[in-house]
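All residue numbers in this chain count up from 1 along the given sequence.
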Amino acid sequence: MAFDPEQQPTSSAFVEVGKTSGEIRSEREPLIKDNHTPENYSVVSAIFPFLFPALGGLLYGYEIGATSCATISLQSPSLSGISWYNLSSLDVGLVTSGSLYGALVGSAVAFSIADVIGRRKELVLAALFFLVGGLATTLAPIYSVLIIGRVTYGVGVGLAMHAAPMYIAETAPSQIRGQLVSLKEFFIVLGMVGGYGIGSLTVNTLSGWRYMYATSVPLAVVMGIGMWWLPASPRWLLLRVIQGKGNVENQKEAAIKSLCRLRGSAFVDSAAEQVNEILAELSFVGEDKEATFGELFQGKCKKALIIGGGLVLFQQITGQPSVLYYAPSILQTAGFSAAGDATRVSILLGLLKLIMTGVAVVVIDRLGRRPLLLGGVGGMVVSLFLLGSYYIFFSAAPVVAVVALLLYVGCYQLSFGPIGWLMISEIFPLKLRGRGLSLAVLLNFSANALVTFAFSPLKELFGAGILFMGFGVICVLSLLFIYFIVPETKGLTLEEIEAKCL
């Protein structure tokens with residue numbers, strides 16, 4: 001019978017490793033290691049283990065961009081192609097935030113199943129939810145089915161945003177691991193640009209919103225097939241062994257085969273040695289003992305949760321979901337009366353996000369996390385007050401709103417966009433990183449859903465000017481949080497980060 005590397009064997013054993021000081025170096029990051037000489041790998045072999053998980057980020061970004069245009073198409077009496085186009089602000093809020101409620105469910109499920117089924121199968125499951133949700137949304141005959149499809153799609157988002165960064169980090173060659181993890185954010189933004197682009201092309205088409213959502217279906221199929229074809233994370237396989245949950249020989253053999261596929265033919269000779277080193281380091285850092293849920297709220301992990309949770313919370317409540325989902329509507333209010341005009345300017349927003357994300361990836365290890373956070377969030381404060389002032393004082397000059405939106409988007413992508421996710425992957429102790437990341441993702445999507453759903457009714461109640469001014473005040477609070485609470489982690493190993501942050 002063929003051995004499934006992610007199926008737990010019925011027998012288990014514990015392997016004792018890392019007993020001598022020469023087996024590992026305590027100052028190095030306790031993940032897949034490079035040796036004194038650069039790790040051998042094939043660039044071609046490294047592409048697909050990054051690309052297929054990153055499609056989860058692409059699909060997440062795509063639904064953000066597509067939904068921002070779909071809400072315009074859905075409410076058009078002549079172009080929606082449906083009889084229930086007369087949606088209230090609450091109905092529109094539920095359409096835009098429906099996927100986020102699903103993401104909450106997906107994040108909660110990931111907390112329980114991620115270490116049981118593994119990262120690969122979690123991403124296959126995410127692709128299945130993307131597929132089913134995309135089809136249900138595309139073919140929705142009534143409003144309730146549309147919402148069910150949005151929520152189902154969102155479950156896939158929650159699973160993918162949890163598992164993708166871990167799979168990429170655990171399978172990437174050490175020399176390029178940081179770049180690949182950072183590029184996941186680039187793929188999210190690339191998906192947004194694609195969503196804005198498809199939306200711009202179809203917003204003036206009959207039932208254009210159906211075409212917008214249908215585009216996600218083939219991408220979900222590619223992601224699912226690709227993840228099924230990829231091997232399991234070798235580190236996850238060996239973590240199960242070291243915790244006494246897998247057969248030593250079978251899991252080690254599966255891990256060696258996995259590394260050979262991930263690194264290419266250049267790595268075949270050193271694969272067994274690398275597996276032994278991973279086992280040694282997992283044992284050395286105490287991975288043989290399973291972490292409890294309560295440990296997340298004690299000692300070092302409690303402080304890590306405050307830092308990481310605070311960053312992802314401010315990432316959302318400073319108005320980012322509203323700007324992304326409602327960019328076309330904001331631009332229509334600012335003077336771009338035609339739906340096509342508004343969505344084309346949204347493409348400009350997406351391209352700016354793409355460029356600024358690329359800039360952040362290049363400079364983040366040179367300038368550091370804190371300078372980018374402080375400078376970027378400072379720019380967000382200016383842009384939000386400027387946007388609020390436009391609605392209150394400068395309504396005759398729509399260029400003010402466009403400039404403010406561009407400034408906001410650019411500053412966000414230099415700061416909260418990539419750095420929030422980067423820091424939560426750095427500060428949690430390794431044994432609790434998976435669960436800590438689950439809670440961070442859950443908090444992120446909770447705040448995202450709340451802000452997105454509340455934006456429309458709050459805008460009607462208080463007006464857009466007061467609302468954006470309020471986001472600006474929250475941005476000021478986030479600046480204080482960053483200045484007094486968030487440490488600089490540039491150039492530090494994970495052990496040094498743990499000592500300094502926690």
Value rounded to 0.5 Å, distance of [atom1] in [X] from [atom2] in [Y]:
| X | Y | atom1 | atom2 | result |
| --- | --- | --- | --- | --- |
| Leu313 | Ile306 | CG | CD1 | 12.5 Å |
| Thr152 | Ile147 | OG1 | CD1 | 11.0 Å |
| Leu387 | Ile392 | CG | CD1 | 10.0 Å |
| His162 | Ser438 | NE2 | OG | 2.5 Å |
| Glu185 | Leu354 | CD | CG | 10.5 Å |
| Leu442 | Leu437 | CG | CG | 11.0 Å |

Okay, side chain of [X], backbone of [Y]: is any donor-acceptor separation there less than 3.5 Å?
| X | Y | value |
| --- | --- | --- |
| Gln413 | Thr357 | no |
| Arg210 | Ala140 | yes |
| Arg119 | Ala163 | no |
| Ser200 | Tyr196 | no |
| Asn444 | Val441 | no |
| Gln75 | Thr71 | yes |
| Trp228 | Val124 | no |

Qualifying residues under ring pair (Phe, Tyr, Trp, His ring centres under 6.0 Å), relative to Tyr62, sequence neighbours excluded:
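Here no residue qualifies.
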With sequence neighbours left out, write down each residue that passes ring pair (Phe, Tyr, Trp, His ring centres under 6.0 Å) with Phe50, or none if nothing qualifies.
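Applying ring pair (Phe, Tyr, Trp, His ring centres under 6.0 Å) to Phe50 gives Phe187.
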Using side-chain contact (heavy atoms from CB on, under 4.5 Å) as the criterion, list what pairs up with Leu230, not counting sequence neighbours.
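With neighbours one apart ignored, the set is Phe48, Pro49, Phe52, Pro53, Tyr167, Met227.
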Contacts of type side-chain contact (heavy atoms from CB on, under 4.5 Å), residue Leu131, not counting sequence neighbours:
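Checked Leu131 against side-chain contact (heavy atoms from CB on, under 4.5 Å); matches are Leu135, Val217, Ala220, Val221.
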Do [X] and [Y] have side chains that get closer than 4.5 Å, going by heavy atoms?
| X | Y | result |
| --- | --- | --- |
| Leu372 | Ser415 | no |
| Val400 | Phe393 | no |
| Met161 | Ile188 | yes |
| Cys411 | Leu414 | no |
| Thr138 | Ser216 | no |
| Phe462 | Leu467 | no |
| Leu125 | Val109 | no |
| Phe416 | Thr318 | yes |

Give the C-alpha distance, both sets of side-chain angles, the deciding distance and a yes or no for side chain to side chain contact (heavy atoms under 4.5 Å, CB included) between Lys353 and Val193.
CA-CA 9 Å; Lys353 286 174 67 70; Val193 174; 6.0 Å; no
Closest non-hydrogen atom pair, [X] against [Y]:
| X | Y | value |
| --- | --- | --- |
| Pro371 | Glu488 | CD-OE1, 3.3 Å |
| Leu59 | Met223 | CD1-SD, 4.0 Å |
| Gly149 | Ala136 | CA-CB, 3.7 Å |
| Ala164 | Leu123 | N-CD2, 3.8 Å |
| Ala126 | Ala160 | CB-N, 3.8 Å |
| Ser73 | Gly208 | OG-N, 3.7 Å |

Quick one: which residue pairs count as a ring-ring contact (aromatic ring centres under 6.0 Å, His included) with a foot in [range], not counting sequence neighbours?
| range | result |
| --- | --- |
| residues 140-159 | Phe130-Tyr153 |
| residues 347-369 | none |
| residues 65-99 | none |

Holding to side chain to side chain donor-acceptor pair (under 3.5 Å), I want the full list of residues that pass it with [X], two or more places apart in sequence or in another chain.
| X | result |
| --- | --- |
| Thr205 | none |
| Ser446 | none |
| Tyr213 | Thr67 |
| Ser383 | none |

Table please: side-chain donor-acceptor pairs of residues 468-486 below 3.5 Å, with sequence neighbours left out.
from: Ser478; atom 1: OG; to: Cys475; atom 2: O; distance (Å): 2.6

Just do the side chain to side chain contact (heavy atoms under 4.5 Å, CB included) check on Val312 and Gln316 with the steps written out, would you?
CA-CA 7 Å; Val312 297; Gln316 299 302 325; over 6 Å; no
Are Val409 and Met356 close enough, and set up right, to give a side chain to side chain contact (heavy atoms under 4.5 Å, CB included), and what steps lead you there?
CA-CA 9 Å; Val409 168; Met356 299 308 292; over 6 Å; no
Step through the shown structure and confirm whether more than 12 heavy atoms of other residues, nucleotides or ligands are within 6.0 Å of OH on Tyr211.
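Incorrect, the count does not exceed 12.
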Evaluate the criterion side chain to side chain contact (heavy atoms under 4.5 Å, CB included) for residue pair Leu74 and Leu146; output intermediate values, then yes/no.
CA-CA 11 Å; Leu74 273 167; Leu146 175 68; 4.0 Å; yes
